[in-house]
Number of protein chains: 2
Amino acid sequence: MARSGTTKKVTRIQREKTEAILNAALDVFSKHGFRGSTIDMIATNAQLSKPNILYYFDSKETMHAQLLERMLETWLEPLEQMSGDGDPVNEICGYVQRKLEMARDYPRESRLFANEILQGAPHIIDQLSGPLRALTDRKAVVIQRWIDEGKLSPVDPYHLIFSIWSTTQHYADFDVQVQAVLGDAKNLRFEQAQVHLDTMFRALLTRD
Amino acid sequence: MARSGTTKKVTRIQREKTEAILNAALDVFSKHGFRGSTIDMIATNAQLSKPNILYYFDSKETMHAQLLERMLETWLEPLEQMSGDGDPVNEICGYVQRKLEMARDYPRESRLFANEILQGAPHIIDQLSGPLRALTDRKAVVIQRWIDEGKLSPVDPYHLIFSIWSTTQHYADFDVQVQAVLGDAKNLRFEQAQVHLDTMFRALLTRD
DNA sequence: GAATTTCCTGACCAGTTGGTCAAGATTATG
DNA sequence: CATAATCTTGACCAACTGGTCAGGAAATTC
């Protein structure tokens with residue numbers, strides 16, 4: 001039985017299989033979207049039978065929901081880290097770098113998220129207008145303070161954040177397109193992106 | 001019979017229904033992705049019966065392919081318009097504005113494209129590494145020339161173009177998220193974005 | 001090493017979906 | 001207005017898909 005509310009013993013096998021399944025599910029969901037994925041595809045990827053998958057997870061939705069939940073945490077983390085104490089430009093550019101590294105190292109998570117948002121965020125709309133909005137509001141205040149203190153060129157904090165999200169995630173979500181246009185190897189593409197984005201946001205934040 | 005290669009009479013009804021169907025299909029495909037859409041959904045949206053849809057289009061794939069084809073043309077147009085003759089900064093910022101207007105006025109097309117790319121661009125990979133790449137190469141040369149002539153701050157032309165694509169399309173593809181965070185009305189959001197993006201790219205292109 | 005619990009699977013089911021088809025309805029045409 | 005061409009649909013089909021279940025296989029426990 002899939003683990004439900006009450007806390008009970010979690011066996012070794014449960015831990016391993018659950019992990020393997022979620023990993024396979026992330027592979028499949030991020031590549032085909034929720035409706036484009038079948039439990040059989042996930043089963044094949046995880047090298048398990050379909051009923052075996054459903055032994056650990058009540059339904060396709062459950063797997064998807066759990067993946068989204070996990071992802072949201074790691075997704076917010078880099079922004080959380082942006083401290084109001086450090087040097088404004090470095091703090092923001094540091095955030096850009098962390099976000100770009102996430103796009104490079106966790107492209108599946110990024111695509112899972114992109115898929116969800118594209119479909120209108122049916123499963124996470126509450127987290128968007130709740131925690132995400134709250135966090136963004138908080139950081140926007142910090143950025144605005146920096147601007148007021150003259151440490152940063154005036155920018156709309158919210159749209160600055162949007163620009164960071166879009167430009168960095170682009171390298172994960174639209175990777176096929178980037179590769180089709182550039183042709184370069186993945187590592188090279190990300191090194192170029194790193195330089196470019198740093199240049200761009202530095203220019204925006206430190207113009208006179 | 002769906003119109004195939006040979007040129008033959010196209011009746012009034014054919015023109016009207018085909019158009020209505022493609023419009024409905026765009027609605028549905030952009031909202032649910034290819035696999036998430038059913039012919040029945042399209043039929044309902046177009047106020048036609050399912051077999052009637054299949055009278056005009058051989059298959060679900062045919063509709064999808066035709067929509068993608070159409071979309072790619074209009075998608076490339078704004079970039080084509082960027083002239084090597086005008087003022088560099090204005091030409092590029094003009095492109096940004098046109099692209100943002102497209103995101104505002106044709107969000108369905110933008111999402112259709114985003115869905116396709118996210119899934120690995122299975123149907124349009126050739127157009128990406130063919131026409132799109134060729135066009136991008138051509139414009140990159142122009143931008144590089146401007147830089148060499150000292151009319152533009154040094155930037156990687158390709159990544160500049162990527163940044164334009166990502167930031168503008170973000171307002172169509174991630175609209176739900178933008179709205180969840182900002183809350184403002186659509187028109188207001190786009191006006192803010194317009195100012196912000198103009199500021200950002202101007203700063204990048206004209207720094208000393 | 002036997003009992004108990006956990007784990008696994010083949011067979012199966014019901015609902016969905018892309019697509020077909022024969023026959024009738026509508027529209028254009030001479 | 002008759003005839004041909006085009007258009008429309010209800011009924012139907014096969015493949016797919018999410019999910020169930022009874023019973024057997026492994027693992028764990030005592």
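The chains referred to below are lettered A, B, ... by the order of the sequence lines, with proteins before strands, and numbering in each begins at 1.
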Just how far, in rounded Å, is P of dA27(D) from CZ of R15(A)? 16 Å
Quick one: on DNA chain C, does I53(A) or S37(B) contact a more 5' nucleotide (nearest heavy atom)? I53(A)
Among H170(A), Q194(A), Q192(A), side chain to side chain donor-acceptor pair (under 3.5 Å) partner for H159(B): Q192(A)
Between R35(A) and dC16(D), does any side-chain N or O lie under 4.0 Å from OP1 or OP2? no
So if I take every side-chain heavy atom of T38(B) and compare against dT20(C), dT17(C), dC7(C), which nucleotide ends up nearest? dT17(C)
Just to confirm, is there a sub-4.0 Å distance from OP1 or OP2 of dC7(D) to any side-chain nitrogen or oxygen of T11(B)? yes
dC7(D) phosphate, OP1 or OP2, under 4.0 Å from Y55(B) side-chain N/O: yes
Hey, does the side chain of R111(A) reach the backbone of A172(A) with a donor-acceptor pair shorter than 3.5 angstrom? yes
Compare the minimum distances between each of dC21(C), dG19(C), dC8(C) and the side chain of N52(A), then state the nucleotide with the smallest one. dC8(C)
Are any non-hydrogen side-chain atoms of F201(A) and I164(A) less than 4.5 angstrom apart? yes
Using whole Å, report how far CD of E16(B) lies from P of dT26(C). 17 Å
Answer yes or no: does a side-chain N or O of K17(B) lie under 4.0 Å from OP1 or OP2 of dT8(D)? yes
Give the rounded distance in Å between these two atoms: NZ of K50(A) and C1' of dC13(C). 11 Å
Rounded to the Å, how far apart are D40(B) CG and dG19(C) C1'? 12 Å
Please state how far atom CZ in F29(B) lies from atom P in dT17(C), giving the value in whole angstrom units. 13 Å
Please report, rounded to the nearest Å, how far the P atom of dC16(D) is from the NZ atom of K60(B). 14 Å
Does any N or O in the side chain of K60(A) come within less than 3.5 Å of the main-chain N or O of T38(A), such that one atom is a donor and the other an acceptor? no
If you check the R12(A) side chain, which of dT9(D), dT28(D), dG19(D) turns out closest? dT28(D)
Please state how far atom CZ in F57(B) lies from atom P in dG19(C), giving the value in whole angstrom units. 13 Å
Quickly work out the L54(A) CG to dC13(C) P distance and round it to whole Å. 18 Å
With side chain to side chain donor-acceptor pair (under 3.5 Å) as the test, pick out the partner of D175(B) among K186(B), R189(B), R104(B). R189(B)
Is Q14(A) close enough to dT6(C) that one of its side-chain N or O atoms is under 4.0 Å from OP1 or OP2 there? no
From the options dG19(D), dG19(C), dT20(D), select the nucleotide whose nearest atom is closest to the side chain of I39(A). dG19(D)
Just to confirm, is there a sub-4.0 Å distance from OP1 or OP2 of dT6(C) to any side-chain nitrogen or oxygen of Y56(A)? no
